[in-house]
Protein chains: 2
Amino acid sequence: MVTKTTIAPRDRLKTEQTILDAIGRLILRDGLAGVGVNALAREAGIDKVLIYRYFGDLDGVYEAFAERGDFWWQVEDMLAATAEAPDLPNALKLGMRFHAREMRRRPVTLSVMAAETTNRTPLTIALETVREKRSLDLFEQMAARYPDNRAIDIPALTGLLGAAIDYLAIRSRSIKRYGGVDVGSHAGWERLFKTIDLMIDGTFADACP
Amino acid sequence: MVTKTTIAPRDRLKTEQTILDAIGRLILRDGLAGVGVNALAREAGIDKVLIYRYFGDLDGVYEAFAERGDFWWQVEDMLAATAEAPDLPNALKLGMRFHAREMRRRPVTLSVMAAETTNRTPLTIALETVREKRSLDLFEQMAARYPDNRAIDIPALTGLLGAAIDYLAIRSRSIKRYGGVDVGSHAGWERLFKTIDLMIDGTFADACP
DNA sequence: CGTTTTTGTCACCATGTGGTGACAATTAGG
DNA sequence: CCTAATTGTCACCACATGGTGACAAAAACG
C-alpha cells in the first residue's frame with residue numbers, strides 16, 4: 001500500500017508564521033531565558049538556518065514577534081472601561097480593575113515582564129516602549145476628562161497601585177499565596193480590589209477631621 | 001634576584017569562603033542566571049573541581065550562601081523601627097519606610113528576587129522561606145501590639161503596598177523612572193512614601209461623609 | 001522547455017557547559 | 001621520619017550552543 005505522503009508545499013510566509021507561533025509557546029513554557037536558536041528551531045520543527053535566513057537573527061524574530069503581538073491594552077479600551085465613572089477616584093478604581101484583568105489575560109506578556117526584571121532584550125524593550133506610549137496617552141486623556149486634580153500625586157498613586165498589580169500578576173504564575181492573599185483565584189483578586197477601592201477613596205477624601 | 005613567591009597555604013575553609021564571596025559578586029554583576037560552575041570557578045580564581053568537592057553541587061553552594069547571608073530584615077529591627085508609632089496606621093507607615101530602606105540596601109537580595117520571577121532555584125526558595133517566616137512572625141507581634149483591627153483587610157493592604165515596594169525596588173536597578181516617578185533617587189522615594197502615608201491614613205479613616 | 005531563484009536539508013565548526021578521573025603537592029598523624 | 005589523608009592542578013569527556021557553507025528539491029520565470 002503506497003501511502004502518498006503529502007509533501008507540505010514550500011511557503012516562506014507560512015514558515016515564518018510557524019516560527020513566530022513557536023516562540024510564543026516557548027516563552028510561555030520556558031520563559032524568555034529558555035529561548036535559543038536551537039530550541040526555537042526544534043519547537044517549530046524547522047531547520048534553524050531558516051531562522052537566520054528569514055529573520056537574520058534571534059533579535060529579528062523578537063522584533064517580528066513584538067510587532068504582530070497583542071501585548072497590552074489599547075487606550076481606547078481603557079477609556080471605555082472607565083467611561084461611566086463620575087469622577088477621578090472612581091475612574092481610577094475601574095481602571096485598576098481593567099488593568100489587572102487585561103494583564104492576567106496575557107500570560108506571554110507576564111512572562112516577558114518577568115524576564116524584564118533580569119534581562120533587557122529587544123522584546124522587553126519593545127514591550128516597554130508600547131507601555132510607556134500608552135500610559136502617556138492615557139494620562140493626557142484622563143487629565144482632559146477630569147480637570148480637577150486635587151493636589152494629589154496621581155503619578156505616584158497610579159505608579160504604586162500599578163506596580164503592585166503588575167508584580168502580583170507576575171508572581172501569581174508561580175505562587176498561589178502572597179502575604180496571606182490568594183493571588184491565584186478570582187476571590188483573592190476581588191479582595192485586593194476592595195482594598196484598592198478603599199485606598200483610593202481614602203486618599204481622595206483626606207479633608208476629614 | 002630571586003623573588004620568593006609566597007605560596008598561599010592550603011586551607012579548605014578559606015577556599016570555601018572565596019567561592020561564597022565570588023558567587024555574591026557574580027549574582028550582583030550578572031544576575032542569578034549568569035551563575036554557572038565554570039563562571040563561578042573563574043570568578044573565584046579556583047579550579048571548578050573544588051566546587052564539586054566542597055559543596056557537592058552548585059545547589060550546595062547556593063544553600064551555603066543562603067545560610068550565611070543577610071538577605072532580609074530581622075523582625076526585632078522592624079519592631080524597633082515601628083516602636084514609637086501610637087497606632088496601627090502609623091506603625092504601617094513607618095514599617096513600609098523601613099521595609100523599603102532595608103530592601104534597597106541589599107542589592108543581592110533584589111537580584112535574587114528578580115530571578116525569582118522567572119526561575120525557582122534553591123537560593124530563591126531559601127529566600128522565600130526566610131521571608132514567609134519573618135512576615136508571619138511580624139504579623140503575630142503586630143496583632144498583639146495593636147489589638148484593634150478595625151475591620152480592615154490588613155493582609156491585603158500590606159500585601160499590596162509590599163508588592164509595590166518590592167517591584168519598584170527591583171526595577172529601580174535597571175530603570176530610572178517608573179510611570180512618572182524617579183525610582184532611582186531619594187526624592188522620588190520620599191514622594192512615594194508621602195503617597196503611601198496618604199493611602200494608609202485614608203484607608204483607616206473611611207468613616208467620613 | 002531550460003534557466004535562475006528560492007526553499008529546505010544536512011554536515012560541520014568553534015566554543016562553552018556540567019561533570020569526572022588521574023595525579024602531584026602539601027599537610028597531618030603515628 | 002614515614003605514611004596516609006587532604007588540597008589543589010590538569011586533562012579529558014559528552015553534550016548543547018550559536019553560526020556557516022554546500023547542496024538537492026522545488027518554484028518562478030523566460
Side-chain angles (χ1 to χ4, degrees), chain A residues 2-23 25-27 29-65 115 118-124, chain B residues 2-23 25-27 29-65 115 118-124:
Chain A
V2 182
T3 45
K4 212 196 254 175
T5 49
T6 48
I7 295 175
R10 301 193 161 189
D11 185 347
R12 170 170 182 164
L13 289 183
K14 189 170 184 181
T15 303
E16 288 182 353
Q17 192 55 49
T18 302
I19 295 173
L20 294 179
D21 292 346
I23 204 176
R25 267 174 285 143
L26 213 52
I27 291 174
R29 172 150 34 86
D30 304 331
L32 242 198
V35 177
V37 183
N38 294 308
L40 178 56
R42 213 178 302 129
E43 172 73 29
I46 51 101
D47 196 292
K48 64 177 172 179
V49 82
L50 301 181
I51 295 175
Y52 290 104
R53 265 228 273 275
Y54 296 155
F55 298 97
D57 205 338
L58 231 189
D59 288 355
V61 184
Y62 284 141
E63 283 161 21
F65 185 64
T118 56
N119 295 329
R120 199 175 166 81
T121 75
L123 226 199
T124 67
Chain B
V2 181
T3 45
K4 213 196 253 174
T5 48
T6 49
I7 294 174
R10 301 194 160 188
D11 185 347
R12 170 168 181 166
L13 289 183
K14 189 171 181 180
T15 303
E16 288 181 353
Q17 192 55 51
T18 303
I19 295 173
L20 293 180
D21 292 346
I23 205 177
R25 268 175 284 141
L26 212 52
I27 290 174
R29 173 150 36 85
D30 304 333
L32 242 197
V35 177
V37 183
N38 294 307
L40 178 56
R42 214 178 302 130
E43 172 74 27
I46 52 99
D47 197 293
K48 65 177 173 179
V49 81
L50 301 181
I51 296 176
Y52 291 103
R53 264 226 274 275
Y54 297 155
F55 298 96
D57 205 338
L58 232 190
D59 289 356
V61 183
Y62 284 141
E63 282 161 20
F65 184 64
T118 56
N119 295 330
R120 199 176 166 81
T121 75
L123 226 199
T124 67

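In what follows, every chain begins at residue 1, and chains take the letters A, B, ... in the order their sequences are listed.
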Checking side chain to side chain contact (heavy atoms under 4.5 Å, CB included) for the pair A:I27/A:V35: CA distance, chi angles, key distance, verdict?
-> CA-CA 7 Å; A:I27 291 174; A:V35 177; 3.9 Å; yes

When you look at A:F55 and A:E63, which way does the side chain to side chain contact (heavy atoms under 4.5 Å, CB included) test go after all the steps?
-> CA-CA 9 Å; A:F55 298 97; A:E63 283 161 21; over 6 Å; no

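Rounding to whole angstrom units, CG of residue A:D11 and C1' of C:dT5 are separated by 16 Å. Nucleotide C:dT7 holds its P atom 12 Å from the CZ atom of A:F55, rounded to whole Å. Taking atom CG on B:L58 and atom P on C:dG19, their separation rounds to 7 Å, with Å as the unit. As rounded to whole Å, 14 Å separates atom P of C:dT15 from atom CZ of B:R42. If you take CD of B:E16 and P of D:dT6, they are 14 Å apart, rounded to a whole angstrom. Remark: P of D:dT17 and CG of A:L40 are 12 Å apart, rounded to the nearest angstrom. When the C1' atom of C:dG8 is taken as reference, atom OH of A:Y54 falls 7 Å away, rounded to whole Å.
Screening residues 40-56 of chain B for side chain to side chain donor-acceptor pair (under 3.5 Å) gives B:R25-B:E43, B:R29-B:E43, B:N38-B:K48 as the qualifying pairs, with residues at least two apart or on separate chains.
Taking only side-chain atoms of A:D57, from C-beta outward, the nucleotide of D:dG19, D:dG8, C:dT20 with the closest atom is D:dG19. In this structure, the nucleotide among D:dG18, C:dG19, C:dT7 sitting nearest to the side chain of A:V37 is D:dG18.
Every residue two or more places apart in sequence or in another chain that forms a salt bridge (charged side-chain N to carboxylate O under 4.0 Å, His left out) with A:R120 is listed here: A:E128.
Counting heavy atoms from C-beta outward, A:Y62 and A:D57 have side chains that stay 4.5 Å or more apart.
The side chain of B:T15 places no N or O atom within less than 4.0 Å of a non-bridging phosphate oxygen (OP1 or OP2) of D:dT7. Regarding contacts with the backbone of C:dG16, every side-chain N or O of B:N38 stays at 4.0 angstrom or more from both OP1 and OP2.
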Protein-nucleotides 9-15 of chain D N/O pairs closer than 3.5 Å?
none

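Rounded to the nearest 0.5 angstrom, A:L58 CG and A:L123 CG are separated by 10.0 Å. B:L26 CG to B:D21 CG: the interatomic distance, rounded to the nearest 0.5 Å, is 12.0 Å.
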